[in-house]
Amino acid sequence: MPGFHLSLGFTLLYLSLIVLIPLSAVILNTLSMSWEAFWRAVSSDRVVASYKLSFGASLVAATVNLFFGTILAWVLVRYHFFGKKLLDALVDLPFALPTAVAGIALTALYSANGWIGRYLEPLGIKIAFTPFGITIALIFIGLPFVVRTVQPVLEDAERELEEAAASLGASRLQTFSRVILPTILPALLTGFALAFARALGEYGSVIFIAGNLPMVSEITPLFIITKLEQYDYAGATAIAVVMLIASFAMLLTINLLQAWTRRSTRRS
Amino acid sequence: MASAATSLTHSRASLHEPVFTPGATLEPFWVRALLITTALAFAALFLLVPLLAVFAEAFRKGWQAYFAAIIEPDALSAIRLTLMTAAIAVPLNLVFGVAAAWSIAKFEFRGKSLLLTLIDLPFSVSPVISGLIYVLLFGAHGWFGAWLLEHDVQILFAVPGIVLATIFVTFPFVARELIPLMQAQGNEEEEAALVLGASGWRTFWHVTLPNIKWGLLYGVILCNARAMGEFGAVSVVSGHIRGETNTMPLQVEILYNEYNFAAAFAVASLLALLALVTLALKSLIEWRVQQSVSNITLENPA
């Protein structure tokens with residue numbers, strides 16, 4: 001086969017110029033900071049509050065997506081109903097809709113006089129401009145991940161095993177928890193991890209609905225922007241390194257989970 | 001990461017869907033009804049209603065206000081910049097995607113899985129950091145800042161910075177689509193063409209390209225949607241100069257922050273329309289691929 005050196009050479013050159021060299025700038029810039037300055041930048045009260053918020057809201061959003069994403073994948077694979085094709089296409093909307101558009105649409109819906117917010121306001125429930133609103137935006141952008149990782153595994157799952165379980169006297173619930181759940185578990189966790197990782201770094205859909213109050217509703221990516229606007233490049237870079245480490249840990253986890261998914265689907 | 005969940009190679013799996021559902025493995029009617037209702041309600045609340053809200057808010061002040069907001073000079077310049085950025089970023093990542101898929105799918109070499117992980121890297125980096133890296137390189141205090149200033153070259157807060165940030169965030173899309181596709185297809189057809197005396201380029205154009213065209217198109221459509229819609233990374237490097245360095249998503253933000261909601265949603269509705277066209281084309285390609293796969297299975301039953 002021809003073209004090995006040309007294609008690999010171009011791939012490595014382009015990868016280095018666009019991704020590797022720029023990303024290494026973050027790490028190298030931090031190395032020039034003293035340890036104390038770095039620690040001060042990444043452990044101030046305000047930034048720690050933003051870690052807790054980003055982490056907590058992402059965790060809640062990914063959990064909601066885990067639950068409803070599994071139901072969506074299940075009905076799309078197992079049942080026939082009116083509008084199924086449309087629902088299947090619509091699941092990818094969060095991938096296709098620009099995050100800023102999602103952000104202003106959700107804010108319009110959940111603000112005090114919005115389509116949904118106006119019914120919650122009299123009940124004393126505030127969603128827009130609170131951590132609750134951030135979670136709503138993160139549910140939106142993470143929604144396709146669980147559905148699209150569980151769906152193919154459910155499609156490939158062998159129905160014979162379920163029939164065998166039923167013929168041996170298992171109830172439908174027992175079959176689900178003992179036969180189906182173990183098969184889709186690696187995919188469920190992969191989808192959860194993908195949704196969580198995406199939510200951690202999300203910016204566009206969140207900032208409109210968040211209200212961005214320091215200590216209350218300020219996510220970590222926004223804090224980086226705030227630092228940049230104050231020309232505190234060192235501070236912004238230090239927080240970016242913390243976020244990069246979190247992303248790489250997630251990337252490693254996801255790779256391991258995907259390897260597990262492949263192994264367990266091959267076995268069955 | 002996005003393409004981990006939307007892959008054309010996955011959509012073939014649905015062919016294995018059983019035709020009939022035996023009673024023993026079917027849930028009672030009320031369980032089915034409950035699950036379908038829950039799924040539809042969740043999708044309506046989180047997907048359909050936000051989408052409808054964009055168009056409802058855009059047309060709140062009527063057609064005339066809508067069109068006035070779109071043909072306003074700053075909006076038109078944002079549309080032009082967005083189209084131009086995508087027109088540069090998408091072809092570059094297309095060429096990269098083909099080259100990467102060719103080297104990874106057709107050859108064996110050490111460090112392949114590391115290379116695959118590195119290609120995926122931009123998906124796992126926050127968009128804000130994707131913009132920050134270019135500030136660190138090309139900003140006034142960045143690595144090349146002094147040199148750029150001396151030679152009067154503007155990258156940051158100008159079009160080149162926007163294009164670079166867009167290339168970064170859309171980097172893996174085409175490659176991620178093509179690599180599994182070309183790996184699944186193997187080398188036999190290309191080897192046959194080469195044995196019959198075709199040159200490497202000719203083999204690529206006449207053998208490989210027709211085989212991967214749908215996967216390629218699929219990757220390009222997803223890449224384009226992200227390129228036109230990117231907000232976080234572009235926001236960091238753009239400088240928000242009206243009529244000059246505002247892409248459509250940034251124009252939406254500025255109008256929204258000025259409480260000019262109708263105009264913000266009017267520009268946003270164009271982006272929502274782009275998203276709908278993207279979804280429609282994506283479903284169409286998935287359908288085409290399923291058709292051709294089932295035709296092959298009908299012709300050569302195993």
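Everything quoted here is computed from the prediction, not taken from an experiment. Per chain, numbering begins at 1; letters A, B, ... match sequence-line order.
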Who among [options] has the most heavy-atom pairs with chain B under 4.5 Å?
options	value
Val19(A), Leu97(A), Val75(A)	Val19(A)
Leu93(A), Leu13(A), Leu154(A), Thr190(A)	Leu93(A)
Tyr203(A), Phe248(A), Phe176(A)	Tyr203(A)
Leu143(A), Asp88(A), Ile21(A)	Leu143(A)
Leu28(A), Ile239(A), Leu12(A)	Leu28(A)

Side-chain donor or acceptor of Ser247(A) paired with backbone N/O of Val125(B) under 3.5 Å: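 Absent.
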Ile207(A) portion near chain B, given a 4.5 angstrom heavy-atom threshold: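 Only the side chain of Ile207(A) comes within 4.5 Å of chain B.
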Leu20(A), part contacting chain B, at a heavy-atom distance under 4.5 Å: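 Just its side chain gets close to chain B.
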Go through [options] and name the one with the most non-hydrogen pairs under 4.5 angstrom from chain A.
options	value
Phe107(B), Tyr134(B), Phe231(B)	Phe107(B)
Val31(B), Val252(B), Leu118(B), Asn257(B)	Leu118(B)
Tyr256(B), Phe138(B), Trp201(B)	Tyr256(B)
Thr278(B), Ile119(B), Leu121(B)	Leu121(B)
Pro50(B), Ala44(B), Ser199(B)	Pro50(B)

Option from Ile129(B), Leu137(B), Leu164(B), Leu136(B) for which side-chain contact (heavy atoms from CB on, under 4.5 Å) with Pro22(A) holds: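 Between Pro22(A) and the candidates, side-chain contact (heavy atoms from CB on, under 4.5 Å) is satisfied uniquely by Leu137(B).
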Can you say whether [X] sits under 4.5 Å from chain A via the side chain, the backbone, both, or neither, judging by heavy atoms?
X	answer
Asn224(B)	neither
Leu92(B)	both
Phe46(B)	both
Val98(B)	neither
Leu274(B)	neither
Val267(B)	neither

Minimum heavy-atom distance between Leu35(B) and Ile71(A), given as atom pair plus value: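 Answer, listing the atom of Leu35(B) first, then Ile71(A): O-CG2, 3.6 Å.
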Heavy-atom pair with the smallest gap, counting every atom of Ile224(A) and Val128(B):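 Of all heavy-atom pairs spanning Ile224(A) and Val128(B), the closest is CG2-CG1, 3.7 Å.
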Side chain to side chain contact (heavy atoms under 4.5 Å, CB included) between Glu27(B) and Trp74(A), intermediate numbers included: CA-CA 12 Å; Glu27(B) 294 71 35; Trp74(A) 180 268; 3.3 Å; yes
Side chain to side chain contact (heavy atoms under 4.5 Å, CB included) between Leu15(A) and Leu115(B), intermediate numbers included: CA-CA 9 Å; Leu15(A) 178 73; Leu115(B) 180 60; 3.7 Å; yes
Note, [X] side chain near [Y] side chain (heavy atom, < 4.5 Å):
X	Y	answer
Phe265(B)	Ile104(A)	yes
Phe96(B)	Ile18(A)	no
Phe123(B)	Leu194(A)	no

Centroid separation Phe4(A) to Phe109(B) less than 6.0 Å: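 Between Phe109(B) and Phe4(A), which both carry aromatic rings, the centre distance is below 6.0 Å.
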